[in-house]
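Notes follow once the structure below has been shown.
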Amino acid sequence: MPSPACIILAAGEGTRLKSKYPKALQPLCGKPLVLHAVDAARAAAADPVVVVVGAGAEQVRTILADRDVRIACQQELKGTGHAVMCAEEALEGYQGDVLVTCADIPLVRPQTLSRLATEHSQSGAAATVLTTICPDPTGYGRVVRDEEGRVQQIVEHSDADEQYQRIQEINTGIYCFQAAALFAILPRLSADNVQGEYYLTDVIPELLRQGQPVAAVTAPDWQEVMGINTRAQQAEAEKIARDRVCQRLMEAGVLLLEPTSTFIDCEVEIGSDTIIWPGVVILGQTQIGSDCLIESNVRIENCRIADRVQVRHCSVVTDSRLGNEVQVGPFAHIRDNSEICEQARVGSYAEVVRSVIGPRTYDKHFSYLGDARVGADVNIGAGVITCNYDGQTKHRTVIEDGAFIGSDAALVAPVAIGARAYIGAGSVITKDVPPDALAVERGPQKNIEDWAKRRLEK
Ligand code: UD1
Ligand code: MG
């Protein structure tokens, strides 16, 4: 069977979400709705894929830039039937079957789209509607069948009388058509309904009127084809999408101690035998290797984390990379394109920003390293600060291999500490330190004998 084309309707504003952002860009599991729909169509081998954009067209286009899709523009939002008409030009000359789906149906599985396309093509119907039985069909178009069970029409909720509203079988908003039959019939639609729109659903009775066969396929799992029209539906879909991510990761061998309290975005990859504690949030384009330990209430966003890494309680790691066997936290903050190399440790209340920390370097307590390049086997004492900002510009600190930075030292950047050099505790270092030197910068200590005794006597 040749693969079908696909049209994705994504022009709607999403009025019912009461958002200032277009519906196609609403996030679900860390990814805009429209990309869920595009990726499902692509995974079902649909080609070409046309996305109809309208509300927020420029932003939606930008999001789609790295996907292999054609864009069609719907200037005025005149309904789903009109939106499909707008895609005709992008499919000019195309003769086969075409799937139609919507950006607001993000959970549909590629297999379901494929099954719809296969059954459609085998039945020889001009149109096949994907339906489902929904416990609460409120808001959806109802599927009206005759005594023999043949689909006759779809009645929108707002156009449905009480008798139709009782029907639990709904139109999912996903269809497969013979492209030629679809585009021939679209100009016949009228906007004579409660919403004053050209409904794609009206294609069904029009085709039947012309004596063309219409079929239906019923999806067994209504949640997979739910539409996102309200914030409540968005939250429900979010939960389902997150459950799926957890399932996928558990099948890949990840130990999620409490999946229901774990928030993992849909594109995150995690290796086997990694243990994820409750309350963990892992977002964006994050990859975590195997045998890692991610303790409770950790937040990781857009990071690459190698194998056997430990990220301990309450740490936040953003846009950074952690090498093999790195240990971070508890309560560490690593951000903005930092790299912690293998076997290094960044301990409690340490912050690392735009810095590279070399292999086996220890930075274990209360420190701030910003715009620093720290070599291998360095010891950063408790409370060490890089003074990287002079009020106007950020400056770099370089610490070469094997250096020892005493506790509470302030390194005023730009400054370089040579290999194996020692910095005395409490020093404020403003000049470069040569390799193998000791730099101390602090007033000589004065001991005043019996001072405390004399104070008491007074
Ligand atoms: C639609 C169906 C309804 C079905 C439901 C399933 C129609 C008339 N109704 O209703 O039968 O049960 O989906 O979720 O088709 N869009 C455009 N341009 C427009 C209008 C809409 O691109 O002018 C897009 C929207 O961005 C959205 C999709 O089409 O992705 C569906 O539109 P929406 O307004 O959500 O229709 P529903 O009321 O959900
Ligand atoms: Mg909808």
Side-chain angles (χ1 to χ4, degrees), residues 6-17 19 21-26 28 32-38 40-41 50-57 59-60 71-87 90 100-108 127 129-134 136-144 151 153-160 164-165 167-175 177 182 186 189-206 216 219 222-234 236-237:
C6 183
I7 300 172
I8 296 171
L9 308 185
E13 279 170 331
T15 321
R16 288 163 281 183
L17 293 176
S19 169
Y21 309 107
K23 175 144 85 171
L25 298 183
Q26 290 290 330
L28 184 82
L33 289 182
V34 66
L35 292 187
H36 285 271
V38 166
V50 181
V51 183
V52 182
V53 302
Q59 292 157 276
V60 181
I71 306 279
C73 227
Q74 188 186 19
Q75 305 289 357
E76 262 184 279
L77 306 184
K78 295 196 268 189
T80 47
H82 178 250
V84 173
M85 260 191 241
C86 296
V100 175
T101 179
C102 301
D104 71 345
I105 313 173
L107 298 174
V108 66
V129 191
L130 185 69
T131 75
T132 196
I133 312 290
C134 201
D136 177 13
T138 310
Y140 290 103
R142 306 299 206 281
V143 177
V144 181
V151 174
Q153 59 168 332
I154 292 161
V155 180
E156 287 309 293
H157 185 89
S158 50
D159 298 298
Y164 285 146
Q165 283 193 10
I167 298 175
Q168 280 196 308
E169 187 180 15
I170 59 133
N171 166 31
T172 61
I174 302 175
Y175 323 76
F177 298 100
L182 172 67
L186 283 172
L189 298 184
S190 94
D192 182 17
N193 50 54
V194 169
Q195 301 186 66
E197 290 186 348
Y198 296 94
Y199 290 167
L200 179 58
T201 46
D202 287 346
V203 161
I204 304 300
E206 282 296 334
W222 69 270
Q223 288 185 313
E224 180 194 345
V225 284
M226 68 178 287
I228 312 289
N229 297 306
T230 63
R231 291 293 191 188
Q233 285 168 330
Q234 190 174 6
E236 201 177 344

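None of these values were measured; they are calculated from a predicted model. Note that the numbering runs from 1 along the sequence shown for the chain. Just so you know, ligand 1 is whichever comes first in the structure, and atom 1 is the first atom listed for that ligand.
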Quick check: does [X] get an N/O under 3.5 Å from an N/O on ligand 1?
| X | answer |
| --- | --- |
| Tyr140 | no |
| Gly79 | yes |
| Ile105 | no |
| Ala11 | yes |
| Gly12 | yes |

Could you list the donor-acceptor pairs under 3.5 angstrom formed between side-chain atoms of residues 223-230 and any protein atom two or more places apart in sequence or on another chain?
from: Glu224; atom 1: OE1; to: Thr112; atom 2: OG1; distance (Å): 3.4
from: Glu224; atom 1: OE2; to: Arg109; atom 2: N; distance (Å): 2.8
from: Glu224; atom 1: OE2; to: Thr112; atom 2: OG1; distance (Å): 2.4
from: Asn229; atom 1: OD1; to: Arg16; atom 2: NH2; distance (Å): 3.3
from: Asn229; atom 1: OD1; to: Lys23; atom 2: NZ; distance (Å): 3.0
from: Thr230; atom 1: OG1; to: Gln233; atom 2: N; distance (Å): 3.1
from: Thr230; atom 1: OG1; to: Gln233; atom 2: OE1; distance (Å): 3.4

Hey, are the side chains of Val84 and Val52 touching, using non-hydrogen atoms and a 4.5 Å cut-off?
-> no

Please identify each residue that fulfils salt bridge (charged side-chain N to carboxylate O under 4.0 Å, His left out) with Glu169, with sequence neighbours left out.
->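 Per chain and number, Glu169 pairs via salt bridge (charged side-chain N to carboxylate O under 4.0 Å, His left out) with Arg145.
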
With heavy-atom distances below 4.0 Å as the criterion, list the atoms of ligand 1 near [X].
| X | result |
| --- | --- |
| Thr80 | 7 (C), 8 (C), 15 (O), 20 (C), 21 (C), 29 (O), 31 (C), 32 (O) |
| Asn229 | 35 (O), 39 (O) |
| Lys78 | 23 (O) |
| Thr172 | 6 (C), 14 (O) |
| Lys23 | 35 (O) |
| Ala10 | 22 (O), 26 (O) |
| Ala83 | 17 (C), 18 (N), 22 (O) |
| Cys102 | 28 (C), 30 (O), 31 (C) |

May I ask whether [X] places a heavy atom under 4.0 Å from ligand 1?
| X | value |
| --- | --- |
| His82 | no |
| Arg16 | yes |
| Asp104 | yes |

Could you tell me whether the side chains of Asn171 and Tyr175 share a donor-acceptor contact shorter than 3.5 Å?
->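 Distance-only check passes for Asn171 and Tyr175.
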
Distance only, no hydrogens: is a donor on one side chain within 3.5 Å (strictly under) of an acceptor on the other, for Gln26 and Gln234?
->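 Judged by distance alone, the side chains do pair up.
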
Looking only at heavy atoms, is any part of Gln74 under 4.0 Å from ligand 1, and if so is it the side chain, the backbone, or both, or is it neither?
->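 Side chain only.
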
Result of checking Val203, Leu200, Val129, Thr131 against Ile154 for side chain to side chain contact (heavy atoms under 4.5 Å, CB included) = Val129

Without swapping roles, check the side chain of Ser19 against the backbone of Tyr21 for a donor-acceptor pair under 3.5 Å.
-> yes

For Tyr140, enumerate each residue passing the ring-ring contact (aromatic ring centres under 6.0 Å, His included) test, keeping only those at least two apart in sequence or located in another chain.
->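 For Tyr140, no residue satisfies ring-ring contact (aromatic ring centres under 6.0 Å, His included) once neighbours in sequence are set aside.
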
Could you tell me the separation between the CZ atom of Arg142 and the CD atom of Gln165, rounded to the nearest 0.5 Å?
-> 5.5 Å

Listed protein N/O/S atoms, distance to the Mg ion (ligand 2) under 2.8 Å = Asp104 OD2, Asn229 OD1

